[in-house]
Amino acid sequence: MGAGASIQIDEKTSNMLKEETMKPMDASDIATPRGESAKAEVIRLRALIAENAGKSNESFNTSSRLVPETYLSASTILKQIHSKEKSCVDIVKASLQRIEDTKVINACIDVLTDSALAAAKAVDAKVAAGGTLRKLEGLPIFVKLNIEGPNGSLVSASTPGLLNFRPNKTAPIIQKLIDAGAIPIAKTNMPEMAVGLNGKSPVHGRCLNPINLDYNCGASSSGNGAGIAAGIVSCGIGTDTAGSTRIPSALCGIVGVRPSKGRYATEGVVPVSSLRDTPGPQGAFVSDVCLLDHVITGDPLVAYNKDALKGKRIIIPHDWIKFKAKDGLSEDVQKSLDLVKSALKSAGAEVVEDVEGMVAVLESNKDTWAVPFLPVPVENTYADLKAYVDRHDDLKMEDMVKFDSAMIAAVYNQKEGTAEELKVLFDKRDEGVKRMEAAYQEYLKANNANFIMVPACAQEITRIDDENEGKRNFANEFLFSFHMNECNNQPSMAFPIRKVKHATSGIPTSVLLYGTNDQELLEMALCLEQQEVLL
């Protein structure tokens, strides 16, 4: 099969799959043996799926049954439950059945069947009795595998040292959602320690893109992205260090938000970097992430305002695009940018494209980057992980650092130096962060702009059978998300353009929006989502 070939499922196979002839597959089936090449992995996966489907390898792309025709928003699901149009038990059972029907994508690792159904029965009893219903009463949600909660659920972070870790703890952000009535229905897949460029997990197996199984589904919060795209739930909570909520959302055609640092507590989250980590919401619609953001932060619920974009000024920083996208933008990506420009203008916004200076902003703290070509400031990741381990009596650091991946082991190397030397190093880094924050704010102020927009990817999404998959992921999917994650007040969002799809994969294109105020960014995105040209 040549590069770029698209395998389409035929009607006979589609009907067969709908009749649930697929046999169960577990993580040991899908997991990638260490050292296996990309091509060998895909050949093995195709053979496995074909065997389970009772069909030839041409059934690999089963997207006709893996992606719903329409998505239900969180508010619609809540309305159905609270109005008694549907029972919460039926809603939860439908989500559980959808997990079963789409298990080939390997999005859900710990399925919380018993607790979810028990919670759903309690919701139905409350509705029947006319009790006071909470904001999220009965809403099924996802929780990523590196976040604690609900109590006793798996927190493996896809690493051998945490493979059976089930703490009786719930992260504060998840507790807020549960206290508001949300029902965690599954813990979702991710790459090891939330560090990676695609959906590979060494212990749970690769997560696959339900839109087209041949193509990358993103990286860290891949299970959330794939599962929401597959219509299992409307929304969930992931984490973002350098694109981990946004890129899998972009590659799966949903919304993903990186909030400003500090708005979402990181307690109860297996860390990558205290400098750059933050949990963040993912959803089928902007309204879904607005709802989760409201409950978690306590900030006012962002509501649709038809005038939210009037008078706003948006920069498309072509110097950044040209600097990073060496091969330019594909026709489809450019078309998506043009479509969003049209939508912005029709809503009363001004779009500016001839502004220089964004590359200077991005490189304003370059002297603190650990590696010259990678825009990541020096970090103390070993100390961050040790602080997490020390809060749990049943964890030991010597077990934690037995990573499957040599790359992950390198990421968590203990920082060498005396306390004084490290203080000098990190003081310099922190000054660099302040310098970048100031440069970004000044860039927007000098241009009287409210936010900036860039494509999520420059070209077609990377195929998972590409022998240079990781390199291509880095050079395409992560071009515009690695920067500025160390700064405090730079919220960012992956916004899907479902009307414009990448030509070969059929995956919707997406743009990244960067702002300075979370609620303003959410309000503008909510308004943008409703523009007729995008619907």
Side-chain angles (χ1 to χ4, degrees), residues 24-34 96 99-100 103 105-118 141-175 178 183-196 199-207 219-224 226-227 236-239 244 266-272 277 279 381-382 384-409 411-412:
M25 289 190 294
D26 59 28
S28 62
D29 291 324
I30 304 173
T32 305
R34 206 167 180 180
L96 292 170
I99 292 173
E100 179 69 16
K103 63 187 170 187
I105 66 174
N106 199 30
C108 299
I109 302 305
D110 188 20
V111 182
L112 309 174
T113 303
D114 292 342
S115 61
L117 285 173
I141 62 168
F142 281 153
V143 179
K144 188 175 173 181
L145 267 174
N146 62 342
I147 306 175
E148 294 171 3
N151 287 358
S153 64
L154 184 63
V155 185
S156 73
S158 279
T159 194
L162 292 173
L163 187 55
N164 300 305
F165 185 48
R166 292 179 176 273
N168 286 315
K169 294 184 178 183
T170 298
I173 56 167
I174 304 304
Q175 191 62 56
I178 293 172
I183 301 176
I185 198 165
K187 304 297 288 286
T188 54
N189 207 353
M190 56 181 282
E192 186 174 18
M193 295 300 289
V195 178
K200 285 187 178 182
S201 165
V203 295
H204 301 303
R206 185 193 275 267
C207 184
S220 182
S221 302
S222 52
N224 277 358
I237 297 296
T239 61
S244 296
T266 56
E267 181 184 343
V269 179
V270 181
V272 179
D277 291 347
T381 51
Y382 182 92
D384 295 337
L385 183 59
K386 188 174 188 307
Y388 178 82
V389 169
D390 288 347
R391 289 195 294 270
H392 297 81
D393 294 337
D394 46 350
L395 294 182
K396 296 179 181 179
M397 197 63 180
E398 55 264 35
D399 296 325
M400 277 298 306
V401 296
K402 295 175 181 177
F403 302 113
D404 182 84
S405 165
M407 180 189 75
I408 308 301
V411 167
Y412 284 96

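Sequential numbering from 1 along the given sequence is applied to the chain's residues.
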Nearest 0.5 Å, what's the [atom1]-[atom2] distance between [X] and [Y]?
X	Y	atom1	atom2	answer
E100	L96	CD	CG	10.0 Å
M400	Y412	CE	OH	7.5 Å
L154	N164	CG	CG	7.5 Å
M193	N146	CE	CG	8.5 Å
K169	Q175	NZ	CD	13.5 Å

Can a donor-acceptor pair be found, under 3.5 Å and without considering hydrogens, that links the side chain of [X] to the backbone of [Y]?
X	Y	result
S405	I408	yes
S221	S244	yes
T188	C108	no
K187	G149	yes
N106	H204	yes
T170	P150	no
N224	G236	no
D277	V272	yes

Would you say that [X] contacts [Y] through its side chain, given a criterion of any heavy-atom pair below 4.5 Å between the two side chains?
X	Y	value
Y388	L395	yes
I185	L112	no
N189	S158	yes
S222	P191	yes
R166	D110	yes
V195	M407	yes
D404	T159	no
S156	I109	no

Kindly state each residue pair satisfying side chain to side chain donor-acceptor pair (under 3.5 Å) with at least one member in residues 393-403, sequence neighbours excluded.
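Every candidate side chain to side chain donor-acceptor pair (under 3.5 Å) pair involving residues 393-403 fails, so no pair, neighbours aside, qualifies.
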Of all the heavy-atom pairs spanning A116 and I183, show the shortest one and how long it is.
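Of all heavy-atom pairs spanning A116 and I183, the closest is CA-CG2, 3.6 Å.
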Specify the closest pair of heavy atoms between A226 and I105, including all atoms of both residues, with the distance to one decimal.
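In this case the closest contact between A226 and I105 is O-CD1, 3.7 Å.
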Got a sec, which pairs hit salt bridge (charged side-chain N to carboxylate O under 4.0 Å, His left out) with one end in residues 154-163, sequence neighbours left out?
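Matches after skipping sequence neighbours: none remain.
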Stepwise side chain to side chain contact (heavy atoms under 4.5 Å, CB included) test for I147 and I174
CA-CA 8 Å; I147 306 175; I174 304 304; 3.6 Å; yes
I'd like to know whether V143 forms a side chain to side chain contact (heavy atoms under 4.5 Å, CB included) with S153, so could you lay out the CA-CA distance, the side-chain angles of the two residues, the decisive distance to 0.1 Å, and finally the verdict.
CA-CA 10 Å; V143 179; S153 64; over 6 Å; no
K200 vs M190, test: side chain to side chain contact (heavy atoms under 4.5 Å, CB included). Steps then yes/no.
CA-CA 7 Å; K200 285 187 178 182; M190 56 181 282; over 6 Å; no
